[in-house]
Amino acid sequence: MGSRPPESLPRAFFDRPVLDVARDLLGRVVVHTSDDGVDGVGGGTVAVRLTEVEAYAGPGDPGSHAARGRTPRTAVMFGPPGHAYVYFSYGMHWCANLVCGPEGTASAVLLRAGEVVSGLELARHRRPTARKDVDLARGPARLAAALGLGQVQDGADLCAPSSALRVLDGRSPSSSSEILTGPRVGVSGEGGDGARYPWRLWLTGEPTVSAYRVAAPRRRRAGSAPTTSTTTTTRPTDEESTQ
DNA sequence: ATCCCGATTGCCT
DNA sequence: GGCAATCGGGATA
């Protein structure tokens, strides 16, 4: 038997309502191969099995980067599905989304967390502060770092043949009964009612699922009273809503 | 030109 | 649990 590389998901997979895609992405494996030496360790391949994702529904979704229409940064979201939207966050992190739906809907799924299933050594090099392997891709910026995703991958076509970044095809990797949902993490502008968009989805009992934090209000300028600390952190449990 | 603040993380007490 | 780091996007003047 010739051993071909595992195939990437077809574009049609992403060309559907964003919540459907989000559900189907859980349990699947994202692979990124870098042949250059930009990492200082010669590049290589890292694979992450997704355990947590978050859906964003385009201009009508107040929590989406596309909420204020098309801008240079969000242009990729308004393009065809099956591409990566990678953005710079808090002046120091990169986070990766997969563009979904028909072209122009600007919907996308944020890759929030996963389990490194291949390329452990390279992932550890890229995430030197991770204490345990379970923390390597536990969080959107951590996941992007472990995979080696950044500015260069913004706009990358995951469905192109031999793309360096892809989602592996495979049989239904998770049943809907294993999927839990809850409010999105860190998203403000939802009127304090995150329940309006319970579009964070994760797999039951996975240790790699990121901690939940409510949107943290910015501290005021000097002189103002410090804002009440709202960085509540909790482990997602079955107490949150189910599908 | 300037201001505000973010789809976060990790270190500090 | 609190909060600093760090900088670019988008709104406002």
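Chain A is the first sequence line, chain B the second, and so forth, proteins listed ahead of strands; every chain is numbered from 1.
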Checklist entry - How does DNA chain C look in dot-bracket notation if pairs are Watson-Crick or G-U with both distances under 3.5 Å, crossing ones as [ ], other-strand ones as |? => result |||||.||||||.

Checklist entry - Which residue pairs satisfy the salt bridge (charged side-chain N to carboxylate O under 4.0 Å, His left out) criterion with at least one member in residues 67-76 of chain A, sequence neighbours excluded? => result none

Next on the checklist: Among Arg184(A), Arg23(A), Arg112(A), exactly one meets salt bridge (Lys or Arg N to Asp or Glu O under 4.0 Å) together with Glu54(A). Which residue is that?
Outcome noted: Arg112(A)

Checklist entry - Arg70(A) has an atom CZ; how far is it from atom C1' of dG10(C), in whole Å? => result 16 Å

Checklist entry - Once you round it to whole Å, what is the distance between P of dA5(C) and CZ of Phe88(A)? => result 16 Å

Next on the checklist: Taking only side-chain N and O atoms of Arg68(A), does any of them lie within less than 4.0 angstrom of OP1 or OP2 on dG9(C)?
Outcome noted: no

Next on the checklist: Could you tell me if the side chain of Glu206(A) sits less than 4.5 Å from the side chain of Arg138(A), heavy atoms only?
Outcome noted: no

Checklist entry - Can Glu178(A) and Thr204(A) be counted as having a side-chain donor-acceptor contact under 3.5 angstrom? => result no

Checklist entry - What is the distance from OH of Tyr87(A) to P of dA7(B), rounded to the nearest Å? => result 6 Å

Next on the checklist: If I take atom CG from residue Asn97(A) and atom OH from residue Tyr87(A), how far apart are they, to the nearest 0.5 angstrom?
Outcome noted: 6.5 Å

Next on the checklist: Return the CG to CG distance between Leu50(A) and Leu201(A), rounded to the nearest 0.5 Å.
Outcome noted: 11.5 Å

Checklist entry - Roughly how far apart, to the nearest Å, are dT2(B) and dT6(C) at atom P? => result 22 Å

Checklist entry - Rounded to the nearest Å, what distance is computed from the OH atom of residue Tyr90(A) to the P atom of nucleotide dC3(C)? => result 15 Å

Next on the checklist: Looking at Thr71(A), I'd like to know whether one of its side-chain N or O atoms comes within less than 4.0 Å of OP1 or OP2 on dG9(C).
Outcome noted: no

Item to check | Closest to side chain of Met77(A), choosing from dG9(C), dA7(B), dT8(B) | outcome: dA7(B)

Item to check | Under 3.5 Å: donor-acceptor pair, side chain of His83(A), backbone of Gly155(A) | outcome: yes

Checklist outcome for this item: Taken to the nearest whole Å, CD/Glu54(A) to C1'/dG6(B) is 14 Å

Checklist entry - Phe14(A) ring centre to Arg11(A) NZ or CZ under 6.0 Å, with the angle to the axis within 45°? => result no

Checklist entry - How many Å lie between CH2 on Trp94(A) and P on dT6(C), as a whole number? => result 17 Å

Checklist outcome for this item: Checking dA7(B), dG9(C), dT8(B) against the side chain of Ala141(A) (C-beta onward), the nearest is dT8(B)

Check: protein-nucleotides 10-13 of chain B nitrogen or oxygen pairs below 3.5 Å:
| from | atom 1 | to | atom 2 | distance (Å) |
| --- | --- | --- | --- | --- |
| dG10(B) | OP1 | Arg127(A) | NH1 | 2.7 |
| dG10(B) | OP1 | Thr129(A) | OG1 | 2.7 |
| dG10(B) | OP2 | Arg142(A) | NE | 2.7 |
| dG10(B) | OP2 | Arg142(A) | NH2 | 2.6 |
| dG10(B) | O6 | Arg213(A) | NH1 | 3.3 |
| dG10(B) | O6 | Arg213(A) | NH2 | 3.3 |

Item to check | Integer-rounded Å distance: dA5(C) C1' and Met92(A) CE | outcome: 4 Å

Checklist entry - Does any non-hydrogen side-chain atom of Val99(A) lie less than 4.5 Å from one of Val76(A)? => result yes

Next on the checklist: I need the CD-C1' distance between Glu52(A) and dT8(B), as an integer number of Å.
Outcome noted: 13 Å

